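Report on one structure; see the data block that follows.
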Amino acid sequence: MTFRPAVLGLTDSITHSPTHKRIIVKLQKLALVASIALSGFGSAYAQENITIGYATPDLSSSFWVSMTYGAEDEARKLGVKLVKLNAGGDANVSTQISQIQDLTQRKVDAMVVGATNGEAVRGVVEHAIAAGIPVVGLSSLPASPQLVSTVGANHYDMGRLQAECLGNAMGGKGEVAMISQQQGQSWADQRRQGFLDTLKAHYPDIKVVAESRNAVTRNDAINLVDNWLQRFPDLGGIYNAVDDSAAGALISVKSAQRRGEVKISASNLSQTAQQMLKSGDLVCTSTQQIVTQGREALRQAVSAAEHKPVQRDVQTPSILVNAQNLQNVDLALLSAPASYRP
């Protein structure tokens with residue numbers, strides 16, 4: 001909307017004396033200011049009417065809680081509506097498929113999807129895209145080349161950092177076991193590969209004696225590590241793809257009175273992991289800017305909904321955190337506030 005016609009109409013009836021020319025210039029400037037103001041109002045109004053669908057695999061996970069905090073806080077700042085859906089666990093693929101179908105039927109303006117299983121949700125995600133809904137992949141990516149943007153971290157590098165930390169803590173030799181999380185989740189697969197490749201290249205005297213891709217919760221890890229400690233009395237280290245399983249592993253190690261003897265490493269930096277680092281029960285965690293990723297995914301989704309340019313691939317840096325550098329880390333970029341509940 002602009003006042004240009006009104007200005008032209010007024011200038012047509014004014015003679016071209018110096019005084020009148022000054023009046024014309026002033027009127028034109030006022031019209032320009034009014035046009036800019038109305039343009040800004042229109043943009044704000046448009047954002048207030050944008051709805052972003054947000055499908056997450058598991059809000060019982062500290063990782064996804066922090067991710068959701070970033071997305072939700074950014075949605076509040078931008079004034080857009082966020083529809084949050086929680087599949088209730090990484091294994092609940094059919095639930096997430098139904099939820100994405102629901103978001104498509106509701107005709108949200110864009111979606112952010114953290115996949116329970118990238119391959120399994122590909123079809124329903126591409127159906128949403130075919131319906132004209134741009135989809136941003138977040139961390140655990142749907143296995144589709146049609147995503148308008150992907151947001152995450154260098155998960156391979158996170159696995160590499162964890163291998164270096166755990167390898168050094170074990171003195172470069174011994175037996176290690178891995179709680180790698182579910183197969184089919186891109187982030188878990190990449191962290192696992194980074195860990196294995198780094199051990200092979202730089203720590204040939206460390207042997208992987210056991211691995212689980214089924215233990216995904218803290219309780220799962222407790223039962224699993226209880227069994228491992230009996231089967232492998234010389235076990236010297238436990239890799240964890242996430243810090244929730246690391247907390248379960250620690251419970252088992254303490255129960256077996258092997259605290260300090262079995263080194264535990266993890267990824268991500270929840271409130272629990274911070275306490276474990278401070279107490280010396282966790283040798284390190286390789287982490288990422290989780291809150292930042294949630295914010296970035298929301299921004300890219302809003303830009304796509306407004307038909308504005310988006311960044312095709314957004315990666316936040318990987319960080320190795322231990323007891324020595326914990327105090328220097330900006331936790332606001334990594335973890336939701338302790339009081340936040342999604």
Side-chain angles (χ1 to χ4, degrees), residues 63 153-181 187-213 215 221 224-225 228-229 231-254 256-270 272-290 315-331 334-335:
F63 173 84
N154 187 331
H155 295 288
Y156 183 93
D157 201 43
M158 291 176 68
R160 176 188 65 81
L161 289 173
Q162 200 178 149
E164 291 175 353
C165 167
L166 192 58
N168 291 336
M170 294 174 62
K173 59 184 179 180
E175 296 181 350
V176 67
M178 300 175 64
I179 306 179
S180 303
Q181 296 293 301
W187 61 271
D189 293 342
Q190 292 165 20
R191 288 182 198 177
R192 172 184 182 273
Q193 198 60 50
F195 182 82
L196 289 172
D197 288 351
T198 305
L199 285 188
K200 182 178 180 180
H202 300 289
Y203 303 93
D205 293 329
I206 293 181
K207 180 182 178 182
V208 177
V209 294
E211 180 181 15
S212 172
R213 307 227 49 184
L224 178 68
V225 176
W228 280 349
L229 292 174
R231 289 173 55 200
F232 307 106
D234 295 326
L235 188 67
I238 301 174
Y239 159 93
N240 293 273
V242 298
D243 48 22
D244 287 344
S245 67
L250 176 61
I251 291 172
S252 291
V253 168
K254 284 182 175 179
Q257 298 184 342
R258 296 185 64 183
R259 178 184 181 183
E261 177 187 342
V262 179
K263 310 298 183 183
I264 300 173
S265 65
S267 284
N268 305 332
L269 190 63
S270 66
T272 299
Q274 293 171 42
Q275 293 302 317
M276 291 171 66
L277 284 171
K278 291 175 182 178
S279 65
D281 291 314
L282 191 65
V283 294
C284 67
T285 180
S286 63
T287 191
Q288 54 188 304
Q289 295 181 359
I290 305 171
Q315 282 199 354
T316 60
S318 304
I319 306 166
L320 185 69
V321 183
N322 52 36
Q324 287 70 46
N325 69 355
L326 178 61
Q327 297 303 316
N328 300 323
V329 175
D330 186 355
L331 297 177
L334 310 178
S335 182

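Note that the numbering runs from 1 along the sequence shown for the chain. The structure displayed is predicted, hence computed values, not measured ones.
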*Output the distance between atom OH (Y239) and atom SG (C165), rounded to the nearest 0.5 Å.*
12.5 Å
*With L166, which of V176, L161, I264, L199 fulfils side-chain contact (heavy atoms from CB on, under 4.5 Å)?*
V176
*Side-chain donor or acceptor of R258 paired with backbone N/O of P233 under 3.5 Å*: yes
*Measure from the side-chain N and O atoms of R213 to the backbone N and O of Q181, and report whether any donor-acceptor pair falls under 3.5 Å.*
yes
*When the ring planes of F63 and W187 are compared, do they come out parallel, tilted or perpendicular, using 30° and 60° as the limits?*
parallel
*Under a 4.5 Å cut-off applied to non-hydrogen side-chain atoms, are S212 and W228 in contact?*
yes
*Mind checking the CZ-CD spacing from F195 to Q162? Nearest 0.5 Å is all I need.*
6.0 Å
*How long is the span from the CD1 atom in I319 to the OG atom in S286, to the nearest 0.5 Å?*
10.0 Å
_Walk me through whether S270 and D243 qualify under side chain to side chain donor-acceptor pair (under 3.5 Å)._
CA-CA 7 Å; S270 66; D243 48 22; 3.2 Å; yes
*Is the number of heavy atoms from other residues, nucleotides or ligands under 6.0 Å of Q257 CD greater than 12?*
no
_Main-chain N/O of A266 paired to T285 side chain as donor or acceptor, under 3.5 Å_ = yes
*asked:* What's the separation between atom CG in N168 and atom NE2 in H202, rounded to the nearest 0.5 Å?
replied: 11.0 Å
*Hey, is the main chain of Q275 close enough, under 3.5 Å, to the side chain of S279 for a donor-acceptor pair?*
yes
*Which pair of non-hydrogen atoms, one from D205 and one from G172, has the smallest distance, and what is that distance?*
CB-O, 3.4 Å
*asked:* I'd like to check M158 versus N268 (side-chain heavy atoms, cut-off strictly below 4.5 Å). Are they in contact?
replied: yes
*Pair T198-E164, side chain to side chain donor-acceptor pair (under 3.5 Å): steps then yes or no*: CA-CA 7 Å; T198 305; E164 291 175 353; 5.7 Å; no
*Nearest heavy atoms of A215 and I179, plus distance in Å*: O-CG2, 3.6 Å
*Are L269 and L326 close enough that some pair of their side-chain heavy atoms sits under 4.5 Å apart?*
yes
*asked:* With heavy-atom distances below 4.5 Å as the criterion, would you say the side chains of F232 and V262 are in contact?
replied: no
_Pairing of R160 and D197 as salt bridge, 4.0 angstrom limit_ = no
*Are any side-chain N or O atoms of K173 and backbone N or O atoms of M170, one a donor and one an acceptor, separated by less than 3.5 Å?*
no
*Would you check, one step at a time, whether the test side chain to side chain donor-acceptor pair (under 3.5 Å) holds for Q288 with T316?*
CA-CA 7 Å; Q288 54 188 304; T316 60; 4.9 Å; no
*Rounded to the nearest 0.5 Å, how far apart are OG of S335 and CD of Q289?*
12.5 Å
_Pair L235, V209 - check side-chain contact (heavy atoms from CB on, under 4.5 Å), show working._
CA-CA 8 Å; L235 188 67; V209 294; 4.0 Å; yes
*Euclidean distance, D157 CG relative to R191 CZ, rounded to 0.5 Å*: 11.5 Å
_Is there a side-chain contact between Q193 and Q190 in this structure, where contact means two heavy atoms from C-beta onward sitting under 4.5 Å apart?_
no
*Donor-acceptor contact present, side-chain N325 to main-chain N322, <3.5 Å*: yes
*asked:* If you compare all heavy atoms of A246 against all heavy atoms of S265, which two are closest, and at what distance to 0.1 Å?
replied: CB-O, 4.4 Å
*If we only count heavy atoms from C-beta on, is the D244 to T272 side-chain gap below 4.5 Å?*
no
_For a quick test of reading the model, state the closest non-hydrogen atom pair linking I238 to A249 and the distance between them._
CD1-CB, 4.2 Å
_Min side-chain heavy-atom separation V329-T287 under 4.5 Å_ = no
*In sequence, state the C-alpha distance, the side-chain angles, and the governing distance for N240 and S245, and then conclude on side chain to side chain donor-acceptor pair (under 3.5 Å).*
CA-CA 6 Å; N240 293 273; S245 67; 2.8 Å; yes
*asked:* For a quick test of reading the model, state the closest non-hydrogen atom pair linking A256 to L229 and the distance between them.
replied: CB-CD1, 3.7 Å
